[in-house]
Structure formats: structure tokens, C-alpha cells
Chemist: 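Please read through the structure below; I'll follow up with questions.
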Protein chains: 2
Amino acid sequence: MPEPARKTRQREAIRDAIAAAKAPVGPREILESAAGGAQGLGLATVYRTLKLLVQAGEILTVDIPGESPRYELAGKGHHHHFLCKACDKVYELDGCCGHFDELTPKGFEVTSHDLTLFGHCANCVKKTRTSSGARDSAPKVHKHALKH
Amino acid sequence: MPEPARKTRQREAIRDAIAAAKAPVGPREILESAAGGAQGLGLATVYRTLKLLVQAGEILTVDIPGESPRYELAGKGHHHHFLCKACDKVYELDGCCGHFDELTPKGFEVTSHDLTLFGHCANCVKKTRTSSGARDSAPKVHKHALKH
DNA sequence: GTGGATGCAAACTCTTTGCACCTTG
DNA sequence: CAAGGTGCAAAGAGTTTGCATCCAC
């Protein structure tokens, strides 16, 4: 049987990078931010470690429609996320309006759910109002997202 | 100025394929299902047309965490989706528990949201209960999803 | 006839995997 | 020193783009 999880420089660095971030981070950012703790760190290792940490329940996948996955520390309690369409930043939201069972067809069993709010964060709302009546600062085109 | 949208065999076929589907469909499925109306149809055309239709507001992107995007006809009214973790099928849910503003920090403006429910559909619940006490029929591993 | 639309293949991004080498316990 | 971990490069899946050809208007 596979004795689980060895403790290595790179794993520490990756976990730390995620813990240090104030918002969910993607593999690329993790690589860069963890480079300090582990020079020569490879992207493949980041992915492998992320998979391990998710399976171990230490981190959670934050999957926002139209974006590639980010990761955050587990154990912060149930919450959801807000994506600012202007600056592309992700914010954590407290709480959850969770009576979804009402929406669920008979015979179905709901085991989990995922909620994301989109809009403009306080910063961007302010900016938009100050700088001329300009609409959305930029059209914001996502590479893979055909999202409207 | 670009006179918008020409009417072609392939566009008809693609729109029809989406309209005919009872659940949101992905580019690959659309290609196959639209092949009847347009032989020789290329995947690139499907993608290009999807982008057009989304921009035109005729279809919507259905982005389910851990899955690649699917598309559905617009104009069905506000609703969300349910993904069965056992059979991987997507179902439409009526309604929406929509008082998200309570969760939103001051100064933020919410313009849209996205909700997905996960669990087991009636069919799969039945199967699980009938065939031995077996848990989830299969561990269900998604290619890209590190999701737990 | 002309500009938009299409097909094909090449290019890109994100993620996973194979393999030889290194490291932890 | 053995099993597991790492780096690099190659392989894959999904999506986009360049370009020559085609076709709707």
C-alpha cells in the first residue's frame, strides 16, 4: 500500500503560496509565487500537488464560469465567490442562500452546489462613476469563454 | 459597416442541433448532430457560429464547474442546471432562489449569477438502491477537473 | 462580383503523462 | 536503499486563427 504524502520543499512552497493568497489562485500564479520557496519548481509539480491537496481535502477548487480553475485553502466554512467583470478579481462572499431543494425535481438528490456572482466590485464601481460616464472600462474578452 | 449574419446551410444546421437537444450540448455533440444538415461541417465553424449566436443573444453558454462549456437556446426564462455525478447528464431546473444581494459586500453591484446543483438524478438514485448497496457506480474522474 | 463564411491545418492554452534522476524516510 | 517525488519535454483535449476557397446577397 502506498504510504501517503512525503514532505518536500516544493509541496510546502505550494501550500504556503495558496495559504498566503488573499483570493483563490491559479496554477500559474502559484508557480510564480512558490518559486521563492522552491527554485526550479515545475508547472507539472504544481498540478500534481494541487490534485493531491484537493484529494486530501486540504484545498478546494474554485471553478468560475468562463475562467480556468483557481484554488483556495479548505476549512474556511461554506462560502461562494464574486467575480468583478471589470478588474477580473475574485472576492469571497460570506454565507449562502441555501434552499435549493425547492428547485430540485422529485427523486433527485442534491449533494453539493456551486454559486458565483458577477458584477462590479466597489473599486470598479467607483472608477466608472468618477471617470466620465464611460461604460465598462474594457469590453473584456475571455480567451476561451464564449460567454456573453 | 459589416452587414450582419448571412444565412448559410451550416448555421441553420447548428442552430437546429441546439434547438433539438433536450439538454445543453457541447461543440463536439453539435458537430455530430449537425452533420446531417451540413456534411463536411468543420469544428471551427461550429465554434465560430457558437460565438456569433452567443453574441447575438440567441443561445446561452452553460458553464458547469469541471466540465467544458455546453450551449442551449436562449429565451427559456431564468433557470439553472443540475449535473448528475453518476451519469453526467445535465438537467434544467425551474426557478431560482434569488436573493443574492444579501451576500454582496457594500458598494458591489451584482449583474448576474450562476448556480449549479450537483447530486444524483432520479434514475441513478433508483439504480443505486436496486443494484446491491453499492455506492457510486463509478468514481467518476474528470480529465481536467481536480475537483474532489 | 465582393465580402462574409467555411474547411483545413497550424497554433495556443491548459493540463496530464512518460521517463530518467533525485530525495525523503 | 526503496518508494515516492520532481523536472523536462512530449502528448492530449479544447479552442482559436491564418489562409485559400466558396457562396450568399
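First the proteins, then the strands, lettered A, B, ... as listed; each starts at 1.
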Chemist: Scan G26(B) against the nucleic acid and name what it touches under 4.0 Å (heavy atoms): base, sugar-phosphate only, or nothing.
Modeler: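 Nothing: the residue G26(B), judged by heavy atoms under 4.0 Å, touches no strand.
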
Chemist: Report each atom pair, protein N/O against N/O of nucleotides 18-22 of chain D, whose distance is under 3.5 angstrom.
Modeler:
residue: dG18(D); atom: O6; partner: R48(B); partner atom: NH1; Å: 3.2

Chemist: Can you tell me which nucleotide in dG7(D), dG14(D), dG7(C) comes closest to the side chain of R28(B)?
Modeler: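 Selected nucleotide: dG14(D).
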
Chemist: Atom CD of E29(A) and atom C1' of dC14(C): how far apart are they, to the nearest Å?
Modeler: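 Interatomic distance, CD of E29(A) to C1' of dC14(C): 14 Å.
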
Chemist: Count the heavy atoms belonging to other residues, nucleotides or ligands that lie under 6.0 Å from CZ of R28(A), then report whether that count exceeds 12.
Modeler: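 Incorrect, the count does not exceed 12.
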
Chemist: Counting side-chain heavy atoms from CB outward, which of dT17(C), dT17(D), dT15(D) is closest to K51(A)?
Modeler: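 It is dT17(C).
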
Chemist: Quick check for you: among dG5(D), dG14(D), dA24(D), whose closest atom lies nearest to any side-chain atom of T8(A)?
Modeler: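 From the listed options, dG5(D) comes nearest.
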
Chemist: Would a 4.5 Å heavy-atom cut-off, applied to side chains only, mark K85(B) and T111(A) as touching?
Modeler: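 When only atoms from C-beta onward are counted, T111(A) and K85(B) do touch, with a gap below 4.5 Å.
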
Chemist: Taking atom P of dC23(D) as reference, at what distance in whole Å does atom CD of Q39(B) sit?
Modeler: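 Distance check: Q39(B) CD to dC23(D) P gives 12 Å.
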
Chemist: Working to the nearest 0.5 angstrom, can you tell me the gap between R15(B) CZ and Q10(B) CD?
Modeler: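 The CD atom of Q10(B) is 12.5 Å from CZ of R15(B), to the nearest 0.5 Å.
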
Chemist: Hey, does the side chain of R11(B) reach the backbone of T49(B) with a donor-acceptor pair shorter than 3.5 angstrom?
Modeler: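 Absent.
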
Chemist: What orientation do H113(A) and H80(A) show, parallel under 30°, tilted 30 to 60°, or perpendicular over 60°?
Modeler: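 Because their plane-to-plane angle lies in the 30° to 60° range, the rings of H113(A) and H80(A) count as tilted.
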
Chemist: Using whole Å, report how far CG of L31(A) lies from C1' of dT13(C).
Modeler: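 That distance rounds to 15 Å.
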
Chemist: Specify the separation, in whole Å, of atom CG of L41(A) and atom P of dT23(C).
Modeler: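 Rounded to whole Å, this separation is 14 Å.
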
Chemist: Whole angstroms only, please: what is the CG-P distance between L52(B) and dA5(C)?
Modeler: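 In whole Å, dA5(C) P and L52(B) CG are 7 Å from each other.
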
Chemist: To the nearest Å, how far apart are E12(A) CD and dT6(D) P?
Modeler: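 So the CD-P distance, E12(A) to dT6(D), works out to 11 Å.
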
Chemist: Closer than 4.0 Å, any side-chain N/O of Q10(A) to the OP1 or OP2 of dG7(D)?
Modeler: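 For dG7(D), OP1/OP2 do have a side-chain N/O of Q10(A) under 4.0 Å.
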
Chemist: Choose from dT16(D), dT24(C), dT15(D) the nucleotide whose nearest atom is closest to any side-chain atom of R6(A).
Modeler: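 Selected nucleotide: dT24(C).
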
Chemist: Report the distance from atom CG of L50(A) to atom C1' of dT6(D), rounded to the nearest whole Å.
Modeler: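 So the two atoms are 15 Å apart, to the nearest Å.
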
Chemist: Taking atom P of dC22(C) as reference, at what distance in whole Å does atom CZ of R9(A) sit?
Modeler: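 The answer, rounded to whole Å, is 13 Å.
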
Chemist: Checking contacts here: which listed nucleotide (dT15(D), dT15(C), dT6(C)) is nearest the side-chain heavy atoms of Y47(B)?
Modeler: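 Of the options given, the side chain of Y47(B) lies nearest dT15(D).
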
Chemist: Within a 6.0 Å radius of atom NZ on K76(B), are there more than 12 heavy atoms belonging to other residues, nucleotides or ligands?
Modeler: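 Check passes, neighbour count above 12.
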
Chemist: Quick one: is dT24(C) close enough that its OP1 or OP2 comes under 4.0 Å of any side-chain N or O from R11(A)?
Modeler: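 No, because none of the side-chain N or O atoms of R11(A) sits under 4.0 Å from OP1 or OP2 of dT24(C).
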
Chemist: Quick one: is dC25(D) close enough that its OP1 or OP2 comes under 4.0 Å of any side-chain N or O from K7(B)?
Modeler: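 No, K7(B) has no side-chain N/O under 4.0 Å of OP1/OP2 on dC25(D).
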
Chemist: With rounding to the nearest 0.5 angstrom, report the CG to NE2 distance, L60(B) to H78(B).
Modeler: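 So the gap between those two atoms works out to 11.0 Å.
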
Chemist: Any chance you could measure R70(B), atom CZ, to E29(B), atom CD, to the nearest 0.5 Å?
Modeler: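 That separation rounds to 6.5 Å.
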
Chemist: Judged by each residue's nearest nucleotide on DNA chain D, which is more toward the 5′ side, L43(B) or G42(A)?
Modeler: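 Counting from the 5' end, the first nearest nucleotide belongs to G42(A).
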
